[in-house]
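One structure is given here, and the rest of the page talks about it.
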Amino acid sequence: MFSRSARVIARSPLAGRVARVPSAPLRTFASTPRSLQELLKTPLYEYNVGKEAKMVPFAGYSMPLSYGSIGQTTAHNHVRTAAGLFDVSHMLQHTFKGPGAQDFLLSLTPSSLASLTPFTSTLSVILNDLGGIIDDTIITKQEGDDSFYIVTNAGRIKEDKELISKKLAEWKGKEVKWETLDGYGLVALQGPKAAETLQKLVDVDLSSVKFGQSTFAHVGENKVKCHLARGGYTGEDGFEISIPPADAVSVTEQLVASPDVMLIGLGARDSLRLEAGMCLYGHDLDESISPVEAGLSWVIGKDRRSEDAPAFPGRSRILKELKEGPRRRRVGFVVDGAPAREGCLVFDAEGSQQIGVITSGIPSPTLGKNIAMGYVANGQHKKGTQVQVEVRKKRRNATVTPMPFVPSKYFK
C-alpha cells in the first residue's frame, strides 16, 4: 500500500531559499550517515548481500557497488552487450493525484505537463526561488490530468519532502493528494536484451511501449502488477520496474534467472551514465546551477517561457539566461593522458586562465578514452574547443566534446 505523506489544500510558489554561489565548487548534497548502522536498506538489501554484493554507503543507503568477483569493466560491458539489472529502490517514488495535481507540479517545475498524454513522461527539475536545481526528476502522467507518478533522487529525500510538504501546506488551489511509495522496489533492466528478457515475463506487448512511455503489467509467475517505464540511466534500451514491497525479491529473482541478465552495482552504473551524458545530482547538478547552465533547457516547456504563462520558481533568471545565455555551461571532454576526476580545474588552451571545473570523469570502458563532464565559461563551450585540465598537478590537453559520448540506443 502507498503510505500517505500528505493530503492538502495549498498554494503559492516555492520557498526553500538557498544562496546562489556561482563560483563555488559543486557540492554533494546527500547526507552522510554517522555510522553504517544508520544506513537505510532497500527491499533488496538481504537479496543483494546473498548475491555477494559489496555494500557501500550511497545517498544514505547501503547499496551494492559490485557483485562477487565481477569487475566494473566486465559488468559495464555486459550491459552494453546483453542486459544488466540494477537495484535503484533507494530512489523515492511518489504519486500526486487529484484535480489540483497538475497545477501543483507546475508550481514546482518549469516543464510543460499539459502536453503529456497518458502514460508518457518527461525529465524535469524541481527549482528553488533563484532558479537553481533542487533535484532532477522524471514526471509521468498516468490517467487524465489528475494522476502523476514521479521519481526523485535518494540523496535529496529530506530536501524534497520538506519542500513538497511546505508547498502543499501553502497550496490554495484544487485538492492534491501526495503519497510516497515507501518500501516499494524499483529495479532497472538495461541493455540490448532487456526487452526480450522482460517480454517473457509480462502480459503486455512491449513493442507498443516506446522510450518515455509507461504501462502497468502483470509480471512473473505470480502476475504481480507493476509499473513499467521504458527508459533509464545508461543510454541503452531498458525499463524501470516499480514493484510492490512483498514481491520485490521474487520479481527480481525471475528477471535475473535469464542467462542474459547480470546484477550490476553502482560502479558500472556510474561509468554507463557518464558515457550516456547523464548528470549525477550533487556532482553535475546542485542548487546553484540552473537548467540552462546544465544544458537542460529542453525541460523548460515552450508554453512556460513567457511572462503570461503559469509562473515557476526562478523564472526571471531562467528566462534571462534563455535570452542572453548563461554565465557557464555543462560540457563533455575527452582528456589526454590520465583521467580527470571531479574537482580538477579546467583552463583555456594557453593555460593562462581558469575557465571551469570537472564534475565527473572516468576512463570510458566502451571508448578506451578518458571522458569527463564539467562546467566552463560561456564562449568556451563549443564543440572542438581546446582546453587544459589539471590532473595530479599536471596540465593535460582536452577537447570539448558533444554528449552523449556513446550513442544512445533508446527504443523509439
Considering only heavy atoms from C-beta outward, does the side chain of Gln72 approach that of Ser271 to under 4.5 Å? yes
Just verifying a value: how many Å separate Ile264 CD1 and His76 NE2, rounded to the nearest 0.5 Å? 10.0 Å
With sequence neighbours left out, write down each residue that passes salt bridge (Lys or Arg N to Asp or Glu O under 4.0 Å) with Glu143, or none if nothing qualifies. none
I'd like to know if Lys161 pairs up with Glu159 as an ion pair, taking the criterion as any Lys NZ or Arg NE/NH1/NH2 lying under 4.0 Å from an Asp or Glu carboxylate oxygen. no
Residues passing the salt bridge (Lys or Arg N to Asp or Glu O under 4.0 Å) test with Asp260, sequence neighbours excluded, are Lys193
Does the side chain of Trp178 come within less than 4.5 Å of Ile150's, by heavy atoms? no
Stepwise, does the side-chain hydrogen bond (donor to acceptor under 3.5 Å, both in side chains) test hold for Asn222 with Asp247? CA-CA 9 Å; Asn222 293 329; Asp247 301 291; 5.1 Å; no
In Å and rounded to the nearest 0.5 Å, what is the CG to CG distance from Leu263 to Asn48? 7.0 Å
Validation row: Asn370, Phe333 side chains within 4.5 angstrom (heavy atoms): no
Between Pro313 and Asn128, the two heavy atoms sitting closest are CB-O, 3.3 Å
With a 4.5 Å cut-off on side-chain heavy atoms, are Glu287 and Tyr281 touching? yes
Could you note down all residue pairs passing side-chain hydrogen bond (donor to acceptor under 3.5 Å, both in side chains) where residues 196-209 supplies at least one of them, sequence neighbours left out? Asp203-His218, Asp205-Ser207
Is there a side-chain contact (heavy atoms from CB on, under 4.5 Å) between Lys141 and Gln102 once you walk through the steps? CA-CA 9 Å; Lys141 181 178 286 188; Gln102 180 166 290; 3.2 Å; yes
Taking only residues two or more places apart in sequence or in another chain, which ones pass side-chain hydrogen bond (donor to acceptor under 3.5 Å, both in side chains) with Lys158? Glu162
Just verifying a value: how many Å separate Leu228 CG and Phe239 CZ, rounded to the nearest 0.5 Å? 7.0 Å
Got a sec, which residues hit side-chain hydrogen bond (donor to acceptor under 3.5 Å, both in side chains) with Thr399, two or more places apart in sequence or on another chain? Gln386
Sorted by chain and number, sequence neighbours left out, salt bridge (Lys or Arg N to Asp or Glu O under 4.0 Å) with Asp103 holds for none
Spacing of CG belonging to Asp284 relative to CD belonging to Glu342, to within rounding of 0.5 Å: 7.5 Å
Contacts of type side-chain hydrogen bond (donor to acceptor under 3.5 Å, both in side chains), residue Arg315, not counting sequence neighbours: Glu307
Partners meeting salt bridge (Lys or Arg N to Asp or Glu O under 4.0 Å) with Lys369 (sequence neighbours left out): none
One should read off an interatomic distance between Leu127 CG and Ile133 CD1, to the nearest 0.5 angstrom, of 7.0 Å
Could you go through residues 230-237 and list every donor-acceptor pair under 3.5 Å that involves a side-chain atom there, pairing it with any protein atom two or more places apart or in another chain?
| from | atom 1 | to | atom 2 | distance (Å) |
| --- | --- | --- | --- | --- |
| Arg230 | NE | Asp237 | OD1 | 2.9 |
| Arg230 | NH1 | Leu206 | O | 2.8 |
| Arg230 | NH1 | Val209 | O | 2.9 |
| Arg230 | NH2 | Asp237 | OD1 | 3.4 |
| Arg230 | NH2 | Asp237 | OD2 | 2.7 |
| Tyr233 | OH | Cys279 | O | 2.6 |
| Thr234 | OG1 | Gln190 | OE1 | 2.8 |
| Thr234 | OG1 | Glu236 | N | 3.1 |
| Glu236 | OE2 | Arg80 | NH1 | 3.1 |

Could you go through the side-chain hydrogen bond (donor to acceptor under 3.5 Å, both in side chains) check for Ser360 and Arg273 one step at a time? CA-CA 10 Å; Ser360 293; Arg273 70 91 189 171; 2.8 Å; yes
Hey, is Lys51 close enough to Glu253 for a salt bridge, meaning N to O under 4.0 Å? no
When you measure from the centre of the six-membered ring of Phe216, is the NZ or CZ of Lys225 closer than 6.0 Å and no more than 45° off the axis? yes
Enclosure of Glu52 CD (heavy-atom neighbours >12, cutoff 6.0 Å): no
Take Thr385 and Gln380 through the test side-chain hydrogen bond (donor to acceptor under 3.5 Å, both in side chains) and record every step on the way to the result. CA-CA 7 Å; Thr385 298; Gln380 299 279 357; 5.4 Å; no
Within-4.5 Å side-chain heavy-atom neighbours: Ser165 and Leu163: no
Start with the C-alpha gap between Asp87 and Ser89, add the side-chain angles, then the distance that decides, and say whether side-chain hydrogen bond (donor to acceptor under 3.5 Å, both in side chains) holds. CA-CA 6 Å; Asp87 178 10; Ser89 309; 2.7 Å; yes
Find the distance between CD1 (Ile358) and OH (Tyr375) and round it off to the nearest 0.5 Å. 12.0 Å
Contacts of Thr252 that satisfy side-chain hydrogen bond (donor to acceptor under 3.5 Å, both in side chains) - sequence neighbours left out: none
In short, ring-ring contact (aromatic ring centres under 6.0 Å, His included) pairs touching residues 130-162 with sequence neighbours left out are Tyr149-His227
Report all side-chain donor-acceptor pairs from residues 405-412 shorter than 3.5 Å, counting only partners two or more places apart or in another chain.
none

